Amino acid sequence: MRYLKLWKIRAQKPLVKIAGLFMAAIMLIQLGGCTKDINLKLSTSASNIVIEGNVTNAPGPYIVTLSLSQAYYQSNTFPPVSGATVIIGDNAGNIDTLKESQAGTYATNNGFTGIPGRTYNLTVITGGQTYKSSSSMPAAVTIDSVSVQSIAFFGNGVKFLICTFPTSTNLTQYYRDYSYQNSALSNQDVTSNQFNDRTTLAARVPTANDIKTGDTLIVNVEGVDEGVYNYFNSLQTNTTNSQTVAPANPTSNISNGALGYFCAGSLASKLIIAP
Amino acid sequence: MKQIRFIAPLVAAILFSGLLSAQANLTISGTIKDAKNGEVLTGASVVIKEKPDIGALTNAYGFYSLTLPAGKYTLIFRYIGYNDIYLNTDSITDKTVNIKLVPSSVELKDVEISAWKNDENVKNTEVGVTHLDLKTLAKLPVLFGEKDILKTIQLLPGVLSGGEGNSGFYVRGGSADQNLILLDEAPVYNPGHLLGFFSVFNNDALKDATLYKGNMPAEYGGRLSSVLDVKMKEGNDKDYVISGGVGIIASRLMIEGPIEEDKGSFIITGRRTYADLFLKLSNNASTRSSRLYFYDINAKANYRLGKRNHIFLSGYFGQDVLGLGSTFGINYGNITGTLRLNHIFSDKLFSNTSLIFNDYNYKIAIANSGFNINVTSIIRDYSLKEDFDYYLNSKNKLKFGFLTTVHTIVPGVVSSADSSIKSFALTRNFGWENAVYAQHEISLWNKVNINYGVRLSTFTVTGPGNFYSFNNNGTTDTSHLNLGQFGRTYFNPEPRFSLSYNFHKDMSFKVAYSRNTQNVHLLTNSTTSNPTDRWLLTTNNVRPEISDQVSAGYYTNFLNNMFEISVEGYFKTMQNQIDYKNGAQLVGNETVESQLLYGKGRAYGAEFFFKKTRGKFTGWVSYTLSRSERQFTAIDNGNWFLSPFDRTHDLSIVAMYDITPKINVSAVWVYYTGQAATFPVGKYVLAGQIIPYYGNRNADRFPAYHRLDLSATFTLKSHKYWTHDLNLSIYNVYARKNAYSIAFITQNNVSVAQETYLFTIIPSLTYNFKFTVPKKKK
């Protein structure tokens with residue numbers, strides 16, 4: 001299904017561009033420039049808790065961060081949530097109460113390492129509320145290859161990262177992929193083998209910025225469960241489409257109205273230097 | 001204003017005298033045409049001089065039938081903008097009277113129009129119906145120099161614009177796919193060219209158009225919100241005429257003429273845009289090689305076979321070609337075809353039989369290194385339609401008929417030359433839709449007119465195809481139907497009723513109720529039309545959409561029908577409305593139904609319309625106060641929320657002024673409340689990314705939209721065979737930057753709301769001409 005998603009994304013953007021081209025043709029002006037910042041009055045909801053937790057099969061400690069949402073027009077300072085009780089357990093009966101290493105950042109304490117096949121549970125207790133989540137860590141993923149490819153898109157060569165890895169032909173499997181480009185973390189993307197009938201899957205991995213020759217790129221692919229996939233898939237739908245679509249908040253796998261996600265992912269990484 | 005399918009009330013004396021049974025009747029029927037070009041006239045009237053309350057109107061094919069008590073009468077044949085013809089019944093030898101009306105000259109026009117009692121809008125039973133005057137349309141300002149009927153109807157009460165410069169429209173709180181747009185009886189699934197900036201209707205080829213805002217007579221059905229019935233011209237059956245226009249981005253050419261004088265004619269119109277020529281000026285190679293144009297062709301021919309048969313063949317073919325360099329391309333277009341036979345069984349029974357074909361398709365081609373894919377999708381219908389008009393007597397008229405349609409949808413065929421990409425086709429969908437209808441128009445006591453009827457519609461899920469059952473966890477069951485096997489059938493009786501009460505000579509009160517159903521559904525998660533939006537038929541999961549609308553209105557004309565005022569209110573409920581789950585995957589999904597949510601809708605409003613119909617200064621003011629809401633269990637905890645088709649206020653002011661007979665100026669000002677939308681109520685950080693936190697569905701609004709357009713039309717010096725004019729239009733005169741979309745962007749620690757606007761001020765110039773080929777002297 002990877003390429004269908006690419007089709008969707010690539011079909012949407014050129015349509016917008018065609019509209020732009022059309023207007024440019026009409027008005028004999030150059031492309032773009034038809035935007036302006038507007039003074040739009042927005043209502044503000046009460047601050048909501050944001051939970052982000054990750055467990056992998058790479059050595060820990062694993063981090064859970066707690067913060068609060070902010071009014072939209074405020075600056076990007078998100079108050080950390082301190083003093084919470086944060087517990088991660090698994091279906092083998094192990095339990096770890098996390099330690100707050102800095103305000104709002106909680107780290108695993110007893111040095112456990114995630115094991116593919118197990119289900120991990122997160123419990124966060126703060127402000128009289130309890131938030132729960134659980135996430136299963138699928139079988140370990142291995143990366144076949146990582147390459148930088150380029151396409152001619154609208155007169156410019158655009159480079160992107162392609163990662164291939166083995167997948168099942170009869171089981172539906174979900175993956176999350178992201179990269180570090182010279183240590184800058186990219187957005188998270190997800191893919192599935194749902195419409196793939198091959199034993200390998202190729203994913204286009206997002207990068208923080210345009211790829212330049214000599215960049216150090218670390219590609220991470222994690223096998224994830226359906227809940228995590230749905231979270232990132234709906235997050236991506238809501239952030240990449242234009243605002244004429246009715247946007248909605250992504251469907252979290254955490255209970256009690258918390259924003260964010262808890263992900264147990266079987267991680268594979270590979271480093272390349274962009275050619 | 002043109003009127004159709006209406007019989008003026010019978011004089012009360014006849015009703016009560018019992019003469020009907022005592023005396024033999026005289027029935028006169030025939031066709032009324034334009035003497036100059038042979039086009040049949042729809043809504044032309046026949047009135048009796050001695051009994052001014054008896055009369056008949058021609059139907060959509062120019063046919064009329066009038067039954068009177070035997071006697072001597074003077075018949076008056078009349079139509080707006082034409083000279084009356086008087087005919088004494090003594091002089092009639094044949095009961096078939098075909099009439100050719102001569103267009104009145106400009107100087108006589110005012111006199112003629114005032115002689116015409118243009119009060120049908122008060123007397124008939126039509127509620128929420130507008131007969132569009134295409135001649136008025138020619139004077140209005142236009143965007144890019146293209147006259148566009150779909151943009152003109154947005155200036156009417158109860159009709160909302162689908163967005164800046166867009167030909168899409170919403171009627172009384174319904175979505176765009178709830179409008180049935182007919183071109184010579186064939187449905188047009190995507191009425192927009194170039195992403196909706198132009199409509200598929202080339203104004204030159206059109207004869208007339210009628211918009212029904214929900215209270216349609218029983219002869220129409222299949223969509224919830226409206227029917228826009230557009231008829232193409234038949235072509236001049238006297239002279240060969242070449243006409244056309246040259247504009248800044250499009251040119252048009254039309255050729256019409258007789259196949260055989262007075263017996264048959266043809267018309268061909270073509271149009272092409274050349275916006276892409278400007279792209280060649282770019283210094284970017286990819287921009288230069290981009291494709292950006294559309295063309296369309298309308299063609300029609302008709303021929304009379306003897307006195308009783310008239311055959312018509314009409315077609316439309318349009319194609320959009322859009323592409324960015326060699327990396328991305330999309331072609332899409334509509335094809336329609338209608339073969340029609342009018343047959344006059346007797347002077348009281350008229351029939352029309354139509355074979356209808358329509359097809360909408362798109363092809364996407366994406367070619368990048370390492371990535372090559374083609375996607376094709378088609379929606380196609382084959383229909384057979386039969387309509388009978390039975391003119392019982394001058395008080396009673398019956399209409400009945402049927403429509404049968406086979407729908408085929410090819411949701412997507414993906415192919416690729418690239419070996420790494422799997423080619424596949426989504427399962428085709430088939431459906432069989434049937435409807436029979438009957439309606440009775442009756443006039444009582446010369447004051448009350450009633451039109452009631454029923455449409456019985458069925459939709460049968462048809463094989464071959466796979467049908468799925470779902471629960472919250474996914475697909476639970478798959479069943480397969482083979483070719484020729486039928487699945488579930490939905491049966492829906494759709495009652496229709498409307499009544500007018502003329503409590504005063506120039507005033508009436510009307511009420512109407514109608515139920516409509518819909519079995520083709522458009523899946524779009526955007527308010528702007530997208531050529532790749534997916535159509536879905538009714539299935540075991542997707543139920544027929546059903547609407548019930550009640551309307552009431554007050555209508556009055558004054559100063560000898562120079563002014564019209566109408567006030568209409570409506571309340572509409574909608575069942576089985578469709579929305580999507582959060583993060584729904586609509587593209588390339590075999591089980592797309594698993595992504596859908598079903599809910600209900602309601603819409604209500606008041607529409608005010610004031611029009612000055614004649615004089616040097618003409619125009620109208622239209623104001624709508626309305627609300628449109630939806631309710632889905634899975635959205636906002638099942639609370640009612642505003643639909644994207646909700647605008648609280650919608651105001652249009654249209655003014656036209658004839659400075660001299662040769663110079664006309666016009667102005668249009670529109671204002672409407674911004675569309676309902678979902679905006680952030682906060683933001684949060686996740687993995688270093690700033691993410692907007694959205695509030696309740698459609699709880700916010702875009703800024704209000706307003707715009708002024710101006711236009712001037714100069715009729716240039718005409719010659720014997722040659723007439724021409726020049727139109728200058730200025731769109732968005734005060735360059736208002738209306739928001740087309742709003743994005744929420746956080747950069748450098750600052751979060752902003754950023755609007756995209758499409759057009760500021762856009763002038764355009766169009767030159768139109770008409771050349772009549774001189775006849776050879778015999």
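Order of the sequence lines sets the chain letters (A, B, ...), proteins ahead of strands, with each chain counted from 1. All values reported here derive from a predicted model rather than from experimental measurement.
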Next item on the list: Start with the C-alpha distance between A:S69 and B:V681, add both sets of side-chain angles, then the distance that settles side chain to side chain contact (heavy atoms under 4.5 Å, CB included), and finish with yes or no.
Entry: CA-CA 10 Å; A:S69 69; B:V681 292; over 6 Å; no
Item checked: Check: A:N76 main-chain N/O paired with B:N749 side-chain donor or acceptor under 3.5 Å -> yes
Note to self: Quick check for you: to the nearest 0.5 Å, what is the distance between B:E755 atom CD and A:K36 atom NZ?
What the structure shows: 5.0 Å
Check: Can you say whether B:I745 sits under 4.5 Å from chain A via the side chain, the backbone, both, or neither, judging by heavy atoms?
Finding: backbone
Margin query: Looking at every heavy atom in both A:I51 and B:L686, which two are closest together, and how far apart are they?
Written below: O-CD1, 4.4 Å
Next item on the list: With the side chain counted from C-beta on, respond yes when B:Y757 and A:T35 share a heavy-atom pair under 4.5 Å apart, and no when they do not.
Entry: no
Check: Where do A:Y73 and B:A753 come nearest, in terms of heavy atoms and distance?
Finding: OH-CB, 3.7 Å
Next item on the list: Give, for atom OH of B:Y693 and atom OG of A:S47, the distance between the pair rounded to the nearest 0.5 Å.
Entry: 10.0 Å
Next item on the list: Tell me, for A:Y231 versus chain B, whether the close heavy atoms (under 4.5 Å) come from the side chain, the backbone, both or neither.
Entry: side chain
Notebook entry, point to check: Is there a donor-acceptor pair closer than 3.5 Å between any side-chain N or O of B:K683 and the backbone N or O of A:Y72?
Noted result: yes
Check: Are the side chains of B:Y684 and A:S67 in touch, meaning some heavy atoms are under 4.5 Å apart?
Finding: no
Notebook entry, point to check: A:I38 versus chain B, heavy atoms under 4.5 Å apart: side chain, backbone, both or neither?
Noted result: both
Margin query: With rounding to the nearest 0.5 angstrom, report the CD to CD distance, A:E52 to B:Q689.
Written below: 10.0 Å
Next item on the list: Could you tell me which portion of A:N48 (side chain, backbone, both or neither) has an atom closer than 4.5 angstrom to a non-hydrogen atom of chain B?
Entry: side chain
Notebook entry, point to check: Is there a side-chain contact between A:N249 and B:P692 (heavy atoms, below 4.5 Å)?
Noted result: no
Notebook entry, point to check: From A:D37 CG over to B:S751 OG, what is the distance, rounded to the nearest 0.5 angstrom?
Noted result: 11.0 Å
Margin query: Could you measure the distance from the CG atom of A:L259 to the CD1 atom of B:I691? Nearest 0.5 Å is fine.
Written below: 9.0 Å
